[in-house]
Structure formats: structure tokens, C-alpha cells
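Worksheet: one structure, shown below.
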Amino acid sequence: MRTDIMGVGFDDLTLDEAAEKGAALLREEGFHYVVTPNPEIVDRARREEPFRQALNGADLVLPDGIGIVYAARLLGRPLKGRCPGIDLAGRLMAHMAESGERLYLLGAKPGVAEAAARNLEEKYPGLTICGTHDGYFKEDAPVVEAIRASGADAVFVCLGAPKQEYWMIEHGPATGAKLMAGLGGSLDVFAGVARRAPEAWQKLGLEWLYRLLREPRRIGRMARLPLFLVEAAAVRLKGGGDRG
Ligand code: UDP
């Protein structure tokens with residue numbers, strides 16, 4: 001049973017539980033995909049029904065932002081906590097380094113995925129990164145074929161939302177990969193091109209503020225955030241809260 005937050009159903013899992021579920025999906029037959037929506041993304045899904053379906057159709061839906069955790073509380077159906085996509089990625093890579101499953105990195109500007117691959121293979125000894133591709137390609141077919149030929153078990157798809165979610169659904173099954181995760185700007189962080197908020201900021205739930213200070217152009221996208229929380233509170237007051 002998922003926890004409904006403004007139309008998107010979230011899996012209520014700790015990061016450890018989510019990583020275990022991800023690893024289990026890697027062992028299962030067939031194609032699976034993971035999404036990690038933040039409030040901006042849920043807000044978009046409220047206005048774009050196909051996108052909402054793309055999120056709800058995922059095998060794992062994890063709350064990336066503290067805003068989702070606040071909204072859940074306001075709605076009277078609290079979640080166990082935040083499960084940032086980038087942290088899930090770390091747990092999955094530690095698992096794959098042990099199990100020998102192969103990882104492909106897709107997305108970001110040319111050169112970034114390769115730099116990320118070098119850093120990650122150093123950070124997770126034993127991890128096999130079987131290929132990389134930037135996220136600014138015009139044709140999908142050669143990318144699908146490159147992933148298929150690499151024998152990837154898992155792919156981190158970092159094309160930004162909603163592109164990455166639509167891409168995983170449309171092309172994921174043809175790649176032969178068992179698991180894809182849409183992870184936004186994670187490759188920029190892994191490559192050292194972008195920096196993540198220091199842990200103290202993360203613990204205080206201020207990762208979004210850190211990002212806003214570093215990338216002020218995000219202000220427009222983030223401006224809807226307080227409104228999103230007000231709307232969640234309104235749903236509760238109207239009696240729409242407390243459902244599991
Ligand atoms: N990106 C990409 N192809 C595109 C558009 C974006 O590979 O056509 C990459 C971009 O370089 C960045 C990531 O996708 O690395 C988007 O990161 P962001 O954190 O902005 O994602 P969002 O918050 O929108 O999910």
C-alpha cells in the first residue's frame with residue numbers, strides 16, 4: 001500500500017529498505033524502474049496526467065525532498081523519512097560492487113558521465129561500470145543499442161524530470177537492463193561538477209536551500225513549494241487526510 005501525496009503514491013521505506021528492494025528488483029526477471037520525486041515533481045504531476053502515471057507506474061517511488069516528508073506530515077500520513085535518489089544510488093553501487101552486476105551511466109553534459117565513472121569505480125572497488133553516454137543525444141535508438149550491447153543490469157538515467165521518467169518507460173525494456181533509476185543531477189555530483197549540501201545542512205532538511213543558493217535560477221521552480229505545502233494542509237483540513 002502506497003502513501004498518497006497529492007496524487008503520487010510513495011513507498012514508505014527507510015533508505016536501507018529501499019536499497020534492499022532495489023537490489024531485489026535487480027535479481028527479478030523483467031524491467032523495473034525507480035523514481036524519486038521531490039515537491040517540484042509532484043507539483044508538475046498534478047498538472048500533467050501522463051507524468052503522474054509515469055511516476056505511479058514505477059516499481060519504487062521514493063521521497064527525494066524534505067518537502068515531501070513535510071507534506072506527508074501535513075496530510076496526516078507521515079513517511080519514515082527522506083530517501084534521496086543520490087543516497088539510494090550509493091547503496092545500490094555498494095551492492096553491485098559485491099554482486100558483480102553491471103552499471104551504465106546515462107546523462108549530463110558530455111564528459112561528465114565518464115568522469116563520474118572514474119570516481120565511482122575508485123569509491124566502490126569491484127564496481128563494473130560497463131558504459132557511459134551523455135544526455136544530449138538526438139536519436140534514442142543508438143543509445144538503447146549501446147546500453148543493450150554493454151550488458152548493463154542497471155542504468156542510472158540522469159536526464160532531469162520529466163525527460164528521464166518518460167525515457168525509462170519508453171526505452172527501458174528494449175535495453176535488457178533489469179533496473180533503471182531516474183536520478184536527475186546525480187552524475188554532476190559524482191563527477192565533482194556540482195557539489196551536494198554538507199551533511200549538517202542535509203540533516204537540518206536544508207539541502208534545497210543550499211542548492212538554491214548555488215543555483216539561484218531555481219528560484220522560479222521552487223517558488224511553488226510553499227504553495228504546495230499550503231495545498232497539502234488544505235487537503236487535510238477539507239477531510240482528505242489520514243488515508244493510508
Ligand atoms: N540533462 C541531460 N539531458 C537533457 C537535459 C538535462 O542530460 O536533455 C541533465 C543535466 O545535464 C543535469 C541533469 O540532467 O545533469 C538535470 O539535473 P537536475 O538536477 O536539474 O534535474 P531535475 O531536478 O530537473 O530532476
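Counting starts at 1 for both ligands and their atoms, following the listed order.
For atom 3 (N) of ligand 1, the closest non-hydrogen atom of the protein is Gly135 O, 2.7 Å. Of the protein's non-hydrogen atoms, the one nearest atom 1 (N) of ligand 1 is Tyr136 OH, 3.2 Å. What sits closest to atom 12 (C) of ligand 1 on the protein, heavy atoms only, is Asp188 OD2, 3.3 Å.
Glu29 has no carboxylate O lying under 4.0 Å from a charged side-chain N of Lys178, or vice versa, which leaves the two without a salt bridge. Salt bridge status for Asp4 with Arg77: present, with a side-chain N to carboxylate O gap under 4.0 Å. We find that Arg2 and Asp11 are joined by a salt bridge, their nearest charged nitrogen and carboxylate oxygen being less than 4.0 Å apart. Residues Asp87 and Arg196 are paired through a salt bridge, judged by an N-O separation under 4.0 Å between the basic side chain and the carboxylate. For the pair Lys80 and Glu17, the salt-bridge criterion is met [side-chain N within less than 4.0 Å of a carboxylate O].
Contact annotation: Leu187 has no heavy atom less than 4.0 Å from any atom of ligand 1. Residue Arg211 places a heavy atom less than 4.0 Å from ligand 1.
Annotation: Arg218 places an N or O atom under 3.5 Å from an N or O atom of ligand 1; distance criterion only. At least one N/O-N/O distance between Cys158 and ligand 1 falls below 3.5 Å. In terms of polar-atom proximity, Ile41 is not counted as a contact of ligand 1, lacking any N or O under 3.5 Å from an N or O of the ligand.
Only the side chain of Lys163 comes within contact range of ligand 1, with a heavy atom under 4.0 Å; no backbone atom does.
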